[in-house]
Amino acid sequence: MNIETILVKEISQTLQQLYGEIPGMKVSLEKTKSTFEGDFTLVVFPYVRYSKVSPEETAKQIGEVLCEITEIFSSYNVIKGFLNLGISNNLWLSYFNQFDANSTNFLKGQKIMIEYSSPNTNKPLHLGHIRNNLLGYSLSQIMRANGADVTMANLINDRGIHICKSMLAWQRFGNGETPESANIKGDHLVGEYYVVFENQLVNATSDDIELAYEGKWHTADNATNERYQELVKRLSEAEEDKQIAKIKGLIKDLVRNQSELMQACQEMLRKWEAGDEEVLKLWNTMNSWVYEGFDSTYKNLGVSFDKFYYESNTYSLGKDIVQEGLENGVFFKRSDNSVWIDLSDEGLDEKLVQRGDGTSVYITQDMGTAELKYQDFNIARSIYVVGNEQDYHFKVLFLIMKKLGRPYAKGMYHASYGMVDLPSGKMKSREGTVVDADDLLNEMYNTSKSKTEELGKTQGMEDSELDILCRRLSLAALKFFILKVDAKKRMLFNPEESIDFHGDTGPFAMYTYTRIKSILRQERPKNNKSDNIELNATEVEVIKTLSEYSQVLKNAAEEYNPSGLCQYTLDLAKSFNRLYNELSILKEADSSKKEFRLLLAQKTANTLSHSMGLLGIEMVERM
RNA sequence: GACCUCGUAGCUCAGCUGGAUAGAGCAACUGCCUUCUAAGCAGUAGGUCAUAGGUUCGAAUCCUAUCGGGGUCGCCA
């Protein structure tokens, strides 16, 4: 049982005894600020209207009665309307004796699917994916620790025009190159051909695009010419810079789409959809390269999946649902045969759910996949870890599923997270300012190695132990740095700070853990409980922090946000470090005090390890 | 233009459903290794919580407006 629940129960009873039934009463207890005396604070303002005396007097009345329960409360003081309560030594001790960094069960047995990562197969993973992966993995662990039955899923976007670009470029310029022959990771190799394609396309079309801006471009295709002339007209009339840029962008796309390269690419996509053997073979080969590359990145990052979905299998799902929606009037059809839903009642607009030619769009596929997930796993909740630029998309998706009467619609949730910025600004793949995931991991490994060597910590360490240390240390720094920030918020990724090992960092928490482990290697606690000890303030502080763990764990799950766990881990490490510095453990003369501190150290280490584990961070025994 | 979101110390971030004198870390400056790992601890300095109103015993937190950053409003995914 949580210590606060015990206190709240006693306080409610006391309030009732003093002032009778208070309608809608809710006792909110807070930690006493460190500048005041006491452990917990009750704000008495809400009760003044029942006590009919001043706030100070009310607080005194309550405090007086509470302190008669000596086994729980030891002292009280009143400042203005705040009743600061001291908790008795024995309550702390008995709480401490039963404390264990255990999982909670408020989601007991609930079937939850968490979809995350969801990469495209034409490029290697980058920093943005890293935030996604770390959040997704950590959320899964957090949900599990709260008792949920979690399936971690990855929906891989393995089809579409972008894959064809890499394929076509490889076909034309690859000379049969393979990851082995080039000695490059498969995902990077495919990514390189994607870049080759883009460069070739720029070379082939840049002159035409310039001409097109001046209105001097034409093509064989009449429909395109018409559209182009219309755009030229709009361009000449446009005044705002933003508008001009937008129209120019449309013209650019038009010209590019008419190029031989893009035409060949479109042709390839058509062949793919038609099941052309040769195209499929190439597609399979290049995908297998990419998957091998992704696997290694996922492994290095320490994330994993229980279930993979592939868009090549799911993109046509959802058409049955479109049909169903048409039949029961949720969707409607336009004259060009395209299918729409009207969401203006909900403050949104009309949204296309199927193209005029019967092919599916992004949301059609998502409707199908949502249904598939439910059929496969009978999940109660379906969580999507996807960036906040897709807030609107998911709002629409969930609304559609609700309107279609899907019972699982209410369990769908978009765990939306903010973008990652660099000190130089936004990451833009076109400008080469993307931070590659593999590069980043390598760099962090090397830095942690040189720092470890600098500190002279490598003495007496086997190479294999050093390797594990550097790996885990660098991941601790990276993961903690990213997960520390509120998931919903946009964050700045400063590479130098991310690899810092001092202050509010993962390595700091890890270091605290190893110091405890070092003590426990020399002596372990003999019992699993302590009695009859006079606790001092630093010790109480650690117990108090430990007691908050289950609530923090629950909050992290409820808010789909691991950052509270990071903050908590730091608090716990700091409070223990203070104790470590102020009090001796192994050299404590009083054997029962020593025993207690050993036990306290052990429980602290367990809790640190547990919470870091939920962040996807593995501890080491020495560093 | 409409909608969403953010704005807290020089920098990066906490601050839960409103509570006391707004907290950490980094950077700067002081101390502490003959004592369980100094990747640590203790301390100094640093704030008009974007601005203006409002709600009330009480607002960084809730409401409104304004300013500023970002995002979305594709028959891309």
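Per chain, numbering begins at 1; letters A, B, ... match sequence-line order.
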Practice task
Rounded to the nearest angstrom, tell me the gap between atom NZ in A/Lys484 and atom P in B/rG15.
Solution key: 13 Å

Exercise for the section: Rounded off to whole Å, could you give me the CD-to-P distance for the A/Gln365 and B/rC76 pair? Expected result: 13 Å

Problem - Short side-chain N/O contact to B/rA39 OP1/OP2 from A/Lys457, under 4.0 Å - result: yes

Handout entry: Charged N-O contact under 4.0 Å between A/Glu198 and A/Arg256
Key = yes

Problem - Donor on one side chain, acceptor on other, A/Ser416 and A/Asp391, under 3.5 Å - result: yes

Exercise for the section: Can you tell me the distance, in whole Å, between the CG atom of A/Leu492 and the P atom of B/rC26? Expected result: 18 Å

Exercise for the section: Ignoring backbone atoms, establish whether A/Arg515 has a side-chain N or O less than 4.0 Å from OP1 or OP2 of B/rA39. Expected result: no

Problem - A/Lys554 to A/Phe106 six-membered ring, cation-pi geometry met (6.0 Å, 45°) - result: yes

Completion exercise
By nearest-nucleotide position on RNA chain B, the 5'-leaning member of A/Phe36 and A/Lys351 is A/Phe36

Handout entry: C1' spacing across the pair B/rU30 / B/rU56, given as an integer number of angstrom
Key = 45 Å

Exercise for the section: State whether A/Lys587 places a side-chain N or O below 4.0 Å from either non-bridging phosphate oxygen (OP1 or OP2) of B/rU35. Expected result: no

Exercise for the section: Please state whether the phosphate of B/rU72, meaning OP1 or OP2, lies under 4.0 angstrom from any side-chain nitrogen or oxygen of A/His393. Expected result: no

Problem - A/Leu85 CG - B/rA20 P separation (whole Å) - result: 17 Å

Problem - No-hydrogen, no-angle side-chain donor-acceptor test under 3.5 Å, A/Asn577 and A/Thr512 - result: yes

Exercise for the section: Classify the nucleic acid contact of A/Thr505 as base, sugar-phosphate or nothing, counting any heavy atom under 4.0 Å across all strands shown. Expected result: nothing

Exercise for the section: Please state the P separation for the pair B/rC26 and B/rC63 - nearest whole angstrom. Expected result: 35 Å

Problem - pi-stack flag for A/Phe508 and B/rA39, centroid dist under 5.5 Å, interplanar under 30° - result: no

Handout entry: Selected nucleotide, minimal atom distance to A/Asp349 side chain, candidates B/rG19, B/rA39, B/rC73
Key = B/rC73

Practice task
Pick base, sugar-phosphate or nothing for A/Asp421, based on heavy-atom distances below 4.0 Å to the nucleic acid.
Solution key: nothing

Practice task
Decide whether A/Ser338 and A/Arg334 meet the rule of one side-chain donor and one side-chain acceptor closer than 3.5 Å.
Solution key: no

Handout entry: Stacked pair A/Phe45-B/rG19, distance under 5.5 Å, angle under 30°
Key = yes

Exercise for the section: Could you tell me whether the phosphate oxygens of B/rA14, OP1 or OP2, come under 4.0 Å of any side-chain nitrogen or oxygen in A/Lys489? Expected result: yes

Handout entry: B/rU37 OP1/OP2 closer than 4.0 Å to side-chain N/O of A/Ser518
Key = yes

Practice task
Report the nucleotide, chosen from B/rA20, B/rC36, B/rU72, that has the shortest atom-to-atom distance to any side-chain atom of A/Phe82.
Solution key: B/rA20

Problem - Electrostatic pair A/Glu465-A/Arg622, nearest N-O below 4.0 angstrom - result: yes

Problem - Test item: side-chain donor near acceptor, A/Asn388 and A/Tyr417, under 3.5 Å - result: no

Handout entry: Protein-nucleotide distance (A/Glu523, atom CD; B/rU37, atom P), rounded to Å
Key = 13 Å

Exercise for the section: Locate the shortest heavy-atom distance separating A/Leu135 from A/Pro562; write the atom from each residue and the value. Expected result: CD2-CD, 3.7 Å

Completion exercise
Out of B/rC75, B/rA39, B/rU12, minimum distance to the side chain of A/Glu497 belongs to B/rU12

Exercise for the section: Please determine, for the side chain of A/Arg578, which listed nucleotide (B/rA42, B/rG71, B/rA20) has the closest atom? Expected result: B/rA42

Handout entry: 5'-most by nearest nucleotide on RNA chain B - A/Phe481 or A/Met419
Key = A/Phe481

Handout entry: Side-chain (A/Gln263) to main-chain (A/Asn257) donor-acceptor, under 3.5 angstrom
Key = yes

Handout entry: From B/rG40, B/rG25, B/rC26, nucleotide with atom closest to A/Lys574 side chain
Key = B/rG25

Exercise for the section: Can you establish whether the number of heavy atoms outside A/Glu37 located under 6.0 Å from its atom CD is more than 12? Expected result: no

Practice task
Give A/Thr359 one of three labels, base, sugar-phosphate or nothing, depending on what nucleic acid heavy atoms sit under 4.0 Å from its own.
Solution key: nothing

Practice task
For A/Glu389 and B/rC6, give me the distance from atom CD to atom C1', rounded to whole Å.
Solution key: 16 Å

Exercise for the section: Measure from OH on A/Tyr362 to C1' on B/rG74 and round the result to the nearest Å. Expected result: 13 Å

Handout entry: Candidates B/rA77, B/rA20, B/rA39 - which lies nearest the side chain of A/Lys33
Key = B/rA20

Handout entry: Under 4.0 angstrom between A/Tyr511 side-chain N/O and B/rA39 OP1 or OP2
Key = yes

Problem - Dot-bracket encoding per residue of RNA chain B, Watson-Crick/G-U cut-off under 3.5 Å, | denoting interstrand - result: (((((((..((((.....[...)))).(((((.......))))).....(((((..]....))))))))))))....

Problem - Closest to the A/Leu352 side chain, choosing from B/rA20, B/rA39, B/rC75 - result: B/rC75

Practice task
Return the nearest nucleotide to the side chain of A/Glu30; candidates are B/rA14, B/rU37, B/rG19.
Solution key: B/rG19

Practice task
Answer yes or no: does a side-chain N or O of A/Asn577 lie under 4.0 Å from OP1 or OP2 of B/rC41?
Solution key: yes

Practice task
Could you tell me whether A/Leu250 contacts a base, only the sugar-phosphate backbone, or nothing, with contacts defined as non-hydrogen atoms closer than 4.0 Å?
Solution key: nothing

Fill in the blank from the handout: Rounded to whole Å, CG of A/Leu29 lies from P of B/rG19 at a distance of 14 Å

Exercise for the section: Would you check if there is a donor-acceptor pair between the side chains of A/His393 and A/Asp366 at a distance under 3.5 Å? Expected result: yes

Practice task
Give A/Ser563 one of three labels, base, sugar-phosphate or nothing, depending on what nucleic acid heavy atoms sit under 4.0 Å from its own.
Solution key: nothing

Handout entry: Whole-angstrom distance between B/rA28 and B/rG10, as gauged at atom C1'
Key = 10 Å

Handout entry: Interatomic distance at C1', B/rC49 relative to B/rA9, whole Å
Key = 10 Å

Practice task
May I ask you to verify if any side-chain N or O of A/Arg355 is less than 4.0 angstrom from the OP1 or OP2 atom of B/rC76?
Solution key: yes

Practice task
Consider the side chain of A/Val43, meaning its heavy atoms from C-beta on, and name the nucleotide among B/rC75, B/rC26, B/rG19 that approaches it most closely.
Solution key: B/rG19

Handout entry: A/Asn581 side chain, from C-beta outward: closest of B/rC36, B/rC41, B/rA24
Key = B/rC41

